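Each remark here refers to the structure printed beneath this line.
So that the names make sense, note that chain A is the first sequence line, chain B the second, and so on, each numbered from 1. All values derive from a computational prediction rather than experimental measurement.
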Amino acid sequence: MDPFDTAAGWLQEHFVIPLLYQLDMMQWEDVGYGWALFAVYGVAQVFITLAICLPLERWRPVETWPDAKAVTIDVVYTLINRIGVLPLVTFVLFYQVQVWLTGTLTDHGIVPPTLELLIPGLLGHQILTFVLYAIILDFGEYWRHRLSHMFGWWWALHSLHHAQRQMTFWSDDRNHVIDEVISFLWSAAIALLIGIPPLQFPLLILVLRFLESLSHANARVSFGRAGNRVLISPRFHRAHHGVLAAGQQSCNYGAILPVWDIVFRTADFGREYVRTGDPSGEEALHTGTWWQQQSAGWRRMVAMLRRKRSKSARSRAGTDLAA
Amino acid sequence: MKKLLLALSLVSGGLLPGLAAARPLAFVINSAEASVSMIDMDTKEEVKRIPVLREPHHMALTPDGKSLLIGDTAGNAVFFLDPVTGDVQRRATISDPYQLQYSPDSKWMVVAGLARNQIDIYDAATLTLAHRIPASSMPSHINFSPDSSVTYVSLQGTDALMAIDVHTGAVLWNTKIGKSPAGVLWLDGKILVGIMGADYVAVVNPANGAVERKIVTAKGAHNLFISPDSHTLYVCNRVDGSISVLDPKTLAVRGRIAMSGGPDDMDFAPDGKIWVTRRWAHTVALLDPATGQFTTIETGRSPHGIWLNTHPNQPAPTRVSAK
């Protein structure tokens, strides 16, 4: 018996079902099981990440700090994202939207695309299909990440992620809530487009997120000249978080596979283990509480949008005068 | 040698169905794994796992007994399986087939779309959609009046039971009967409904939907099954983790059998054992109702619908109704 299934079954029977019963929400029992399953995967993933990344960081740290207070907030982000919010949102929301959308399309005589229908040989080969889905999602993630650096208002949010001067494997989940929501919608749209099964989507996100955690580790780990071009290493991703790369002109945007950076000419394999952080960001983004960081991100985003609006108004006025 | 090869190819190619059909088979739908487990009831071994697209829940046997229909909700598909070999005969595109059931006269097939809040009535012979009835919300379990004129569907989201004229598609009544109603069973001129958000079975008047009695079983009363000899009524209680044993004539509760793991659907084997899917334990229980003891067979994740093909050489040995 799969230990994850056993743990999820126990959680469902002893926690989720009694809770739903008390809340008069028993109609959601099936959906509740989906949450239980991914909460278990989330816990396991946090432990696996700990077991692999912590020794690496102790063994070959890039930086050592007198205290690691700034890291604590990243732990909070991780626990919220991987055990609570992420499984709930990715499964419940994605499931509802997918069933509604595909059912509506079916009613109109359109059979929604899935990889298994496009390539019938994939039916029953769940691992191979899973890998293909992961590659497609990773491609989407490259472009989402690159765009989040390009647009000023989006960078204002994403800079919270880059503000960490004590970057560790916990830092992957350090994101503004709005940035997280956009990220979810982005991945979900791709997942809907290629027909990822509802139960595989959160699992894919968790697997991808594990590899992303590893790439944030404060460890002198490189996969060698060839390996660095196959899988993103902590060394490669650290260059993206470097103080010189923070902002709207950056490099190494990829999450799992560096091939997208190579193809779209944004790869930089030359930088060594650089210092991380965003010198242009305000201090609250680095050392603030969760709430202070979120507020600062929101404030910066609104300011960027206002600045953009007044800039375009001035530009319009200039055009009128000239006319 | 050639003769031997020919004989082997005939057997393996399924041209001698009698040989393959000699064993009684159990079909179990694994809802959270997009597959159907085919179990040899003699050896208690899973002999085949049949992949489907996304999220199957329930099944129905065609009136001629030649196909076992597997409803794949998120896949918007119905898979037609050979009930003797488990081979996929064909796949039909049908919107959100959560629960599906043929009318007693075999002329209609009713499909409850739980995610899309719709009840579809199909012409059973041609699978042409005759009526679509909007149902707010979460239509789940289905049953019929013995003359096939009316279908009754529980609506988990609005705590109601809906009666629909099968020929015209007109809603006869839609009445609140209790929190999150689930399984529906016609018994001696009354409709019995498991009230999953409470601890009782509602006895409903089929003329107007009025609840006439409440038979207390245990928390999370879910689905109801009548034994082949019609002497016993079994009710599974999802929250309590038990199966209540009732007298179908008086509806008096005779006893309760403890069964953890979320007992759900049942079918009855010729040896007197009851096969019960355990949703959160990923097994099927082989329950001896005389002693309350059971053994288990491992299945896929979240086993749900179950059907025992105990007479594989004869058409339509049992109905798959109320599963």
If one checks every heavy atom of B/R49 against chain A at 4.5 Å, the contacting part turns out to be neither

Bottom line for B/S137: the part with an atom under 4.5 Å from chain A's heavy atoms is neither

Looking only at B/N76, B/V239, B/L53, the option with the highest number of non-hydrogen pairs under 4.5 Å against chain A is B/N76

Value for OG1 (A/T104) from CG (B/D96), rounded to nearest 0.5 Å, stands at 9.5 Å

message: Do B/W280 and A/V16 have side chains that approach each other closer than 4.5 Å (heavy atoms only, starting at C-beta)?
response: no

Flag if over 12 foreign heavy atoms under 6.0 Å of NZ, B/K179:
no

Rounded to the nearest 0.5 angstrom, the CE-NE2 distance for A/M26 and B/H222 is 8.5 Å

Output for pair (B/D159 CG, A/D24 CG), nearest 0.5 Å, gives 8.0 Å

Of all heavy-atom pairs linking B/H282 and A/D5, the shortest is NE2-O, 3.0 Å

Cut-off 4.5 Å, heavy atoms of chain A, and the answer for B/I94 is backbone

Honestly, the part of B/M196 sitting under 4.5 Å from a heavy atom of chain A is both

Heavy-atom closest pair (B/G262 atom, A/E13 atom, distance to 0.1 Å) is N-OE2, 4.1 Å

Greatest number of non-hydrogen atom pairs under 4.5 angstrom with chain A, of B/R278, B/K219, B/Q118, falls to B/K219

Here the pair of heavy atoms bringing A/Y21 nearest to B/G220 is CE1-N, 3.7 Å

Chi angles and distances behind the side chain to side chain contact (heavy atoms under 4.5 Å, CB included) call for A/Y33, B/R301: CA-CA 11 Å; A/Y33 177 64; B/R301 193 181 288 138; 3.2 Å; yes

Original post:
Are B/R279 and A/Q12 close enough that some pair of their side-chain heavy atoms sits under 4.5 Å apart?
Top reply: no

Separation between OG (B/S302) and CG (A/L37), nearest 0.5 Å, reads 9.5 Å

Distance col, row B/S154:OG vs A/Q27:CD, nearest 0.5 angstrom, shows 11.5 Å

Honestly, the part of B/S180 sitting under 4.5 Å from a heavy atom of chain A is side chain

Honestly, the part of B/D120 sitting under 4.5 Å from a heavy atom of chain A is neither

